[in-house]
**Q** 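My questions all concern the structure below.
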Amino acid sequence: MRLLLASFLAVTFVACGDDEGGIQDAATDAEPDAPTDAGTDGPFVAPTMLSETGLYSNIGTKTIAAGVVEFEPRWHLWSDAAVKRRWIYLPPGSKIDTTDMDYWSFPTGTKVWKEFSRGGARIETRLLQKTGTADDVSSWFMVAFQWDAGETDATAVPGGVVDDIGVNDIPDRAKCRQCHGPNRNKSIILGLQALQMDYDAPSNGLDLDRLVQDDWLTVEPTAPTNGTYFPFLAETGTPLILPALGYMHSNCGGCHNPSSDVTMNTVPVQFRLGTAANQRSSWAVTPTYMTAVNVTATLAPAGSHVVLGGNTAQSAVHNRMNIVGAVQMPPIAREQLDTAGLAAVDAWINSLPPP
Ligand code: HEC
Ligand code: HEC
């Protein structure tokens, strides 16, 4: 294993040359992502305090403002065990353009927040705000706010904070774009999307059903069968397969999807599931099976294959999830193993017949 890993490291360093996403990112902090004209609300001014962003009507009492709705995606991104909450605000009367059901486009003025807590204390709250009309770098403002010790307010930290509390790193804005950038995922928003909301959210929370009923979508998906709009065919093994593929959809599919430069330029594997019926009619036709299962790895030898049926040791997916350091996946924003996520993926790999 050690030998394998050593030669793998050498290959990977040749292949990528930086440790933050493996390939050069077009977006840098020098680029203007705070445009001066944001339309109806007048010129956009980058907020310096969380209290200026409209999440709370009273930040002292933590009262969420009217029109701001909490949501939770079905499959979470692992963030070193941080507890997370998320909210969205759409300008009154606007809708999410769902013409492309797999990649929604949000209206100008959309704001989405994600709060991180550890040990019961708020650490940071992140903001994605659409200030322009396109889904490009200059139309989306991204920043994290670091909470003060008394949790009275949080201050924008565009340059990020390393190890602000234990393992928690607050990403700088360039890192936000390595996952949320238009070169990685053309929706920018990663959690509020068709497959991630297509479940029965607890306590009448926001889910695809409510997005349809409350008239948030320009194109509505067809009425559900058995409560699910985009069901995967029930097959033997589904209880074991769905958690693994869902985990990778959320944790890996943001970069490994057909609209991403990672997939187009570097490694063709895809982990993002699709809503189209012909990508759901069996597990074998999902993008994950088509591009990963028993497919030879491009950057061998992290394992001979991206996923080798019945063999985690030869599966790059297992090896890259099971390491913290240079070749880890995701390449950023993780400093601890996700043992539960790895167990789900391993159980699936072990259940697959060898080719
Ligand atoms: C490692 C990739 C990664 C990085 C880096 C990252 N995010 Fe995210 N983010 C995600 C994923 C995946 C989700 C959806 C899953 C979840 O919320 O658990 C998400 C969710 C969010 C959400 C909720 C809206 C949505 O997309 O569903 C906000 C807001 C957000 N991130 C803001 C930021 C900001 C601001 C930064 C930089 C300070 C940042 N993120 C850095 C991957 C990342
Ligand atoms: C922030 C973007 C990003 C995310 C998120 C991400 N990856 Fe990657 N992945 C890359 C890049 C860039 C490469 C190519 C360079 C390298 O190997 O570092 C890559 C390469 C790979 C490879 C090598 C494929 C081959 O054919 O050799 C595997 C396997 C892989 N990733 C698995 C995963 C898994 C599993 C996850 C989720 C747990 C994940 N990735 C999440 C960016 C990402």
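Each ligand, and each atom within it, is numbered from 1 in the order the structure gives.
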**Q** With a 4.5 Å heavy-atom cut-off, do Leu192 and Leu206 have their side chains touching?
**A** yes

**Q** Any idea which atoms of ligand 1 are less than 4.0 Å away from a heavy-atom of Cys179?
**A**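 This gives 1 (C), 2 (C), 3 (C), 4 (C), 5 (C), 42 (C), 43 (C) as the contact atoms.
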
**Q** Closest by any non-hydrogen atom to atom 21 (C) of ligand 1: pick that one out of Lys114, Gln129, Arg126.
**A**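 Selected option, by shortest heavy-atom distance: Lys114.
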
**Q** Evaluating non-hydrogen atoms only, which member of Cys255, Ala333, Ala297, Ala302 is closest to atom 4 (C) of ligand 2?
**A**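 Nearest heavy atom to atom 4 (C) of ligand 2 lies in Cys255.
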
**Q** Hey, are Thr63 and Thr61 close enough side-chain-wise for a donor-acceptor pair under 3.5 Å?
**A** yes

**Q** I want to confirm something. Looking only at heavy atoms, which of Val307, Ile332, Asn251, Val262 is nearest to atom 5 (C) of ligand 2?
**A** Asn251

**Q** Using a strict cut-off of 4.0 Å, indicate which atoms of ligand 2 neighbour a heavy atom of Gln178.
**A**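 Counting atoms of ligand 2 from 1, those under 4.0 Å from Gln178 are 1 (C).
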
**Q** Is Lys84 close enough to touch ligand 1? Criterion: a residue heavy atom under 4.0 Å from a ligand atom.
**A**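 Heavy atoms of Lys84 do come under 4.0 Å of ligand 1.
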
**Q** Quick one: does Gly254 get a heavy atom under 4.0 Å from ligand 1?
**A**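 No, Gly254 has no heavy atom closer than 4.0 Å to ligand 1.
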
**Q** Can you tell me which portion of Gln196 lies within the under-4.0 Å heavy-atom range of ligand 1? Options are side chain, backbone, both, or neither.
**A** neither

**Q** Tell me whether the count of non-hydrogen atoms from other residues, nucleotides or ligands lying under 6.0 Å of CE in Met290 goes above 12.
**A**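 At most 12 heavy atoms, drawn from other residues, nucleotides or ligands, come within 6.0 Å of this atom.
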
**Q** Does any N, O or S atom of His180, backbone or side chain, fall under 2.8 Å from atom 8 (Fe) of ligand 1?
**A** yes

**Q** Would you mind listing which atoms of ligand 1 come within a distance below 4.0 Å of any non-hydrogen atom of Val143?
**A**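 Once the distances to Val143 are compared, the set is 35 (C).
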
**Q** If we only consider heavy atoms of His256, is any one of them less than 4.0 Å away from an atom in ligand 2?
**A** yes

**Q** Establish, from distance only, whether the side-chain atoms of Asp135 and Tyr103 form a donor-acceptor pair under 3.5 Å.
**A** no

**Q** Apply the test salt bridge (charged side-chain N to carboxylate O under 4.0 Å, His left out) to residues Asp80 and Arg334: give CA-CA distance (whole Å), side-chain angles for both, the deciding distance (0.1 Å), then the verdict.
**A** CA-CA 6 Å; Asp80 293 340; Arg334 172 171 81 74; over 6 Å; no

**Q** Ignoring hydrogens and angles, state whether a donor on the side chain of Trp283 or Thr238 is under 3.5 Å from an acceptor on the partner side chain.
**A** yes

**Q** Near atom 8 (Fe) of ligand 2, is there an N/O/S atom from Cys252 that is less than 2.8 Å away?
**A** no

**Q** Do any nitrogen or oxygen atoms of Arg86 lie less than 3.5 angstrom from nitrogen or oxygen atoms of ligand 1?
**A**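 By distance alone, the answer is yes.
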
**Q** Check the pair Ile332 / Cys179 against side chain to side chain contact (heavy atoms under 4.5 Å, CB included), numbers first and verdict last.
**A** CA-CA 9 Å; Ile332 49 172; Cys179 292; 4.1 Å; yes

**Q** Are Asp346 and His318 linked by a side-chain donor-acceptor pair shorter than 3.5 Å?
**A** yes

**Q** Which ligand 2 atoms are under 4.0 Å away from a heavy-atom of Val306?
**A** 26 (O)

**Q** Looking only at non-hydrogen atoms, which of Leu299, Thr263, Leu342, Val267 approaches atom 15 (C) of ligand 2 most closely?
**A**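 It is Leu299 whose heavy atom sits nearest to atom 15 (C) of ligand 2.
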
**Q** Can you list the ligand 1 atoms lying under 4.0 Å from a non-hydrogen atom of Lys175?
**A** 5 (C)

**Q** What are the atoms of ligand 2, with element, lying closer than 4.0 Å to any heavy atom of Thr266?
**A** 14 (C)

**Q** So if I count the atoms of ligand 1 from 1 in the order they appear, which ones are less than 4.0 Å from some heavy atom of Trp113?
**A** 29 (C)

**Q** Could you list which atoms of ligand 2 come closer than 4.0 Å to a heavy atom of Ala316?
**A**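 Answer, ordered by atom number: 29 (C).
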
**Q** Scan residues 148-161 for pairs that pass side chain to side chain donor-acceptor pair (under 3.5 Å), counting only residues two or more places apart or in two chains.
**A**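 For residues 148-161, and leaving out neighbouring residues, the side chain to side chain donor-acceptor pair (under 3.5 Å) pairs sorted by first residue read Ser51-Asp153, Arg122-Glu151, Asp148-Thr152.
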
**Q** Given Glu70, which partner from the list Arg85, Arg210, Lys114, Arg86 fulfils the salt bridge (Lys or Arg N to Asp or Glu O under 4.0 Å) test?
**A** Arg85

**Q** Identify, by atom number and element, the atoms of ligand 1 in contact range of Leu192, meaning under 4.0 Å from any of its heavy atoms.
**A**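 This gives 27 (O) as the contact atoms.
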
**Q** Is it the side chain (CB and beyond), the backbone, both or neither of Leu77 that lies under 4.0 Å from ligand 1, heavy atoms counted?
**A** both

**Q** Short list, please: which atoms of ligand 1 are under 4.0 Å from a heavy atom of Leu127?
**A**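 In order of numbering, the contacting atoms are 35 (C).
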
**Q** What atoms in ligand 1 come closer than 4.0 Å to a heavy atom of Val112?
**A** 23 (C), 24 (C), 29 (C)

**Q** Considering only heavy atoms of His76, which atoms of ligand 1 have at least one such atom less than 4.0 Å away?
**A**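 Checking each atom against His76, I get 18 (O).
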
**Q** Show the atoms of ligand 2 that are less than 4.0 angstrom away from any heavy atom in Phe271.
**A** 32 (C), 33 (C)

